[in-house]
Each structure stands twice: as structure tokens, then as C-alpha cells.
Amino acid sequence: MPELPDVEMARRDLQRWLGGAEIRSARVLDPYIARGGSGVSPRTFARTLPGQVVQQVIRRGKWLRIELREGPRVFSHLGMTGSWIRLEAEAPAQRWERARFEIVSRGRSARESTVSYIDSRRFGRLLLAEDDIDEWRGLGPDPLDGGLEPAHLGPALARRRRAIKDVLMDQAVLAGIGNILATEALWHARIDPRAPSDSLAPAQVRALGRGLRTALDQELGDRLRGNPDVFSVYGREGEPCSRCKTALVRIVQAGRSTTFCPSCQVERHAGRQHPR
DNA sequence: CTCTATGTTTAATT
DNA sequence: GAATTAAACATAGA
């Protein structure tokens with residue numbers, strides 16, 4: 001379940017469950033999940049984490065950083081199918097469970113429970129590192145933290161010329177935008193997903209910022225209310241555009257499918273009109 | 001069996 | 001070199 005809204009929901013859950021809690025045990029059940037990067041070996045989780053108290057859980061784009069009062073930090077990326085759940089303490093192993101923390105929430109009502117990482121497809125990762133990992137450091141600003149400001153978006157988009165759809169999903173430009181959000185936002189902003197990112201007029205950059213905001217709020221709202229997602233164009237190839245009734249079209253860009261309205265998402269150029 | 005999938009990285013090709 | 005594409009990763013579900 002991974003795009004910014006899902007990761008943000010995961011962050012809130014983890015913050016609620018882990019904030020102020022003491023880690024009793026930390027087990028990486030599937031070493032593959034702790035692969036690569038600047039993280040330490042999977043075995044180090046069990047050695048280092050018990051006794052540590054969680055300070056807070058921070059999100060940037062699709063990455064989560066679990067900060068401890070002292071000691072290293074835990075980084076979590078949900079990949080395509082990762083999720084965090086809470087269980088009874090010492091609960092039986094779950095299907096696709098890849099890691100688990102046994103914790104004690106502190107306070108007058110010290111309560112024990114299990115917080116566990118589930119991931120069928122195993123694209124997600126769980127890393128333990130002393131400092132911020134490269135993946136974290138390479139992230140651009142978060143959309144909910146200034147990333148949508150035209151002052152950032154404008155120059156960032158002007159600096160590249162790949163298709164705008166592709167650039168929006170570049171985590172170094174804007175952290176947290178995935179295929180669904182990019183697709184939806186472009187429809188809201190009436191921008192052709194194939195347009196080079198450096199061809200957008202200032203008004204289009206602003207519209208895109210608003211489009212992203214709309215798509216983000218929509219999805220976040222759906223999560224909060226427990227509603228299933230309702231998309232405007234994503235996954236609706238062949239259906240009529242809700243604005244102009246033209247049949248939505250699906251294309252493939254950078255290996256990902258994009259659905260858009262060929263009629264009202266038109267490519268316009270920023271080119272100055274008749275300079276003299 | 002075939003196709004697609006909310007993500008990211010790496011190899012191959014242009 | 002730079003840019004673009006395809007493939008790979010591992011697995012489920014239609």
C-alpha cells in the first residue's frame with residue numbers, strides 16, 4: 001500500500017504504537033528485507049534494539065524513520081506491498097511476516113504488544129543505520145512540507161526535460177509521488193503527461209501544485225474515513241472523462257502505465273508569444 | 001498460461 | 001557521456 005498517503009497512515013500508526021515505547025525484542029524474520037544500502041546486518045537488530053525507547057516516527061516521501069532516544073535509527077520503505085500491523089504480544093507468526101518488534105508501551109498502563117512488518121512481495125526494506133541512509137538523504141522535499149511551492153516546483157521541473165509524468169515520480173524532485181498520484185494530479189491540472197517538464201508555463205506549474213494537493217487530500221481523506229479509493233482516471237482506461245466525456249486512454253511511460261484524457265489534457269507550450 | 005500491479009535499481013540500448 | 005528503455009527483483013490475483 002505505498003504512496004505518500006499510505007505511508008503517512010503507516011507513520012501515524014507507528015507513532016501511536018511505538019512513541020515512547022520500549023523495544024523488548026527486534027527480529028528480522030526475513031533477512032532479504034534488510035538488504036543493501038548503508039544499513040547494518042540483519043542480526044544487529046536483535047542485538048542493538050532491545051532496551052531502546054522510541055522517540056518518534058518521521059516520514060519523508062515514502063520513507064519512514066523510526067528514531068530512538070539513543071542509538072541508531074530504523075528506516076522502513078514499504079515497497080509495493082508492505083504494511084505495519086499491531087498484534088497481541090507474542091502473537092503467532094503471520095502470513096508474509098518479515099520482521100517483528102515486541103514492545104512495552106510505557107506509562108502507568110504498561111502494555112505489551114507486537115508490531116509487525118508484513119510484505120508479500122518483498123520489495124520493501126527495513127534498515128538499521130547509525131546515520132541517515134543515502135536513500136533518505138537523496139529525497140527531494142515532501143509535498144506536505146513545501147514541496148508543492150511553485151518556488152521549488154518551477155525551477156525543479158525546468159531543470160529537467162523528461163516527460164512531466166516521469167519527473168513527478170522522481171523522488172529527488174518531489175518525495176512521495178507515485179504512479180497513481182502523478183496520474184491523478186496531471187488530470188486535475190489538465191496537463192499532457194508526455195509534455196516535457198521544462199515546457200510548462202508558470203500557470204501550469206501552479207495548477208500542477210494544486211492538482212497534486214487535490215489528489216493527495218483526496219487519497220488521504222479516503223484513508224482517514226476508511227473509504228475505498230475513488231480515482232478520476234487511474235485504472236479507468238476506456239471510461240469517459242468526467243469533465244469532457246472523451247474516452248480515457250492508457251499509455252506506458254517509463255514502464256508505468258498512465259491513464260489520461262486525450263482531449264482535455266492538452267500539451268501547451270510555455271513559449272513566449274511573439275517576442276519582438 | 002497471460003497480463004498487470006501503489007516501487008526502485010540496474011543492465012542494456014540508443 | 002547522457003538519456004531513454006527494458007529487465008529484474010518476488011509474489012498475488014484477475
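Below, read A as the first sequence line, B as the second, and so on, with proteins coming before strands; counting in each chain starts at 1.
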Handout entry: Paired stretches of DNA chain B - 3 or more consecutive Watson-Crick or G-U pairs, each distance under 3.5 Å
Key =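 Ordered by first number, the stems with DNA chain B (at least 3 consecutive pairs each) read B:2-5 with C:11-14, B:7-14 with C:2-9.
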Practice task
For A:R160, report the nucleic acid contact type (base, sugar-phosphate, nothing); a contact means any heavy atom under 4.0 Å.
Solution key: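 No contact at all - A:R160 keeps every heavy atom at 4.0 Å or more from the nucleic acid.
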Exercise for the section: Write out all pairs satisfying side-chain hydrogen bond (donor to acceptor under 3.5 Å, both in side chains) with one or both partners inside residues 62-76 of chain A, taking only residues at least two apart or from two chains. Expected result: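 Listed by first then second residue: A:Q56-A:E67, A:R65-A:E67, A:R65-A:D132, A:R73-A:D132, A:S76-A:W84.
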Problem - Nucleic acid footprint by protein, nucleotides 7-14 of chain C - heavy-atom cut-off 4.0 Å, B for base, S for sugar-phosphate alone - result: --BBBS--
Exercise for the section: Could you encode protein contacts along nucleotides 9-14 of chain B as a string, one character per nucleotide from 5' to 3', using B for base contact, S for sugar-phosphate-only contact and - for no contact, with a heavy-atom cut-off of under 4.0 Å? Expected result: S-----
Please determine if a side-chain N or O atom of [X] lies less than 4.0 Å away from the OP1 or OP2 oxygen of [N].
X      : N     : answer
A:H77  : B:dG7 : no
A:Q171 : B:dT8 : yes
A:K62  : B:dG7 : yes

What is the distance, rounded to the nearest whole Å, between atom [atom1] of [X] and atom [atom2] of [N]?
X      : N     : atom1 : atom2 : answer
A:R162 : C:dA3 : CZ    : C1'   : 9 Å
A:L212 : B:dT6 : CG    : P     : 17 Å
A:I251 : C:dT5 : CD1   : P     : 11 Å
A:D166 : C:dT4 : CG    : P     : 8 Å
A:L220 : B:dT6 : CG    : C1'   : 15 Å
A:N179 : B:dG7 : CG    : C1'   : 10 Å
A:I33  : B:dG7 : CD1   : P     : 16 Å
A:Q218 : B:dT6 : CD    : C1'   : 16 Å

Exercise for the section: Check the pair A:D222 / A:Q218 against side chain to side chain contact (heavy atoms under 4.5 Å, CB included), numbers first and verdict last. Expected result: CA-CA 6 Å; A:D222 285 342; A:Q218 168 77 47; 3.3 Å; yes
Does this structure show an ion pair linking [X] with [Y], if we count only N-O contacts that are shorter than 4.0 Å?
X      : Y      : value
A:R16  : A:D13  : yes
A:D142 : A:R59  : yes
A:E8   : A:R223 : no

Practice task
Kindly give the heavy-atom pair with the smallest separation between A:L126 and A:A99, and that separation in Å.
Solution key: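 The pair with the smallest heavy-atom distance is CD2-CB, 3.7 Å.
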Fill in the blank from the handout: Taken in chain and number order and not counting sequence neighbours, the residues that satisfy side-chain hydrogen bond (donor to acceptor under 3.5 Å, both in side chains) with A:S242 are none
Exercise for the section: For A:R100, enumerate each residue passing the side-chain hydrogen bond (donor to acceptor under 3.5 Å, both in side chains) test, keeping only those at least two apart in sequence or located in another chain. Expected result: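 A:R100: side-chain hydrogen bond (donor to acceptor under 3.5 Å, both in side chains) contacts with A:E97, A:E102.
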Practice task
Might you confirm whether atom CZ of A:R43 has over 12 heavy atoms from other residues, nucleotides or ligands at distances under 6.0 Å?
Solution key: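 Counting neighbours around CZ of A:R43, 12 or fewer heavy atoms of other residues, nucleotides or ligands fall under 6.0 Å, so no.
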Practice task
Using side-chain contact (heavy atoms from CB on, under 4.5 Å) as the criterion, point out the one residue from A:I133, A:I66, A:T44, A:V28 that pairs with A:L128.
Solution key: A:T44
Fill in the blank from the handout: The complete set of ring pair (Phe, Tyr, Trp, His ring centres under 6.0 Å) pairs with one or both residues in residues 125-158 of chain A, sequence neighbours excluded, reads A:F75-A:W136
Practice task
Would you mind listing every ring pair (Phe, Tyr, Trp, His ring centres under 6.0 Å) that reaches into residues 198-221 of chain A, with sequence neighbours excluded?
Solution key: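 Passing the test, one end in residues 198-221 of chain A: no pairs.
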Exercise for the section: Would you kindly compare A:G178 and A:R250 by the position of their nearest DNA chain B nucleotide and give the one closer to the 5′ end? Expected result: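 Nearest nucleotide further toward 5': that of A:R250.
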With [atom1] as the reference atom in both, quote the distance from [N] to [M] in angstrom, rounded to an integer.
N      : M      : atom1 : value
B:dA11 : C:dA10 : P     : 15 Å
B:dC3  : C:dA6  : P     : 15 Å
B:dT6  : C:dA3  : P     : 26 Å
B:dT2  : C:dA7  : P     : 15 Å

Exercise for the section: Can you tell me which residue pairs pass the salt bridge (charged side-chain N to carboxylate O under 4.0 Å, His left out) test with a partner in residues 78-95 of chain A, sequence neighbours excluded? Expected result: none
Exercise for the section: Please collect all salt bridge (charged side-chain N to carboxylate O under 4.0 Å, His left out) contacts where either partner lies in residues 168-182 of chain A, sequence neighbours excluded, each pair once. Expected result: A:R160-A:D170, A:R162-A:D170
Handout entry: DNA chain B contacts made by residues 253-261 of chain A, counting heavy atoms under 4.0 Å
Key = A:R256, A:S257
Practice task
Using the test ring-ring contact (aromatic ring centres under 6.0 Å, His included), find all partners of A:F231 that sit at least two apart in sequence or belong to another chain.
Solution key: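 Partners of A:F231 by the ring-ring contact (aromatic ring centres under 6.0 Å, His included) criterion, ordered by chain and then number, come out as A:Y234.
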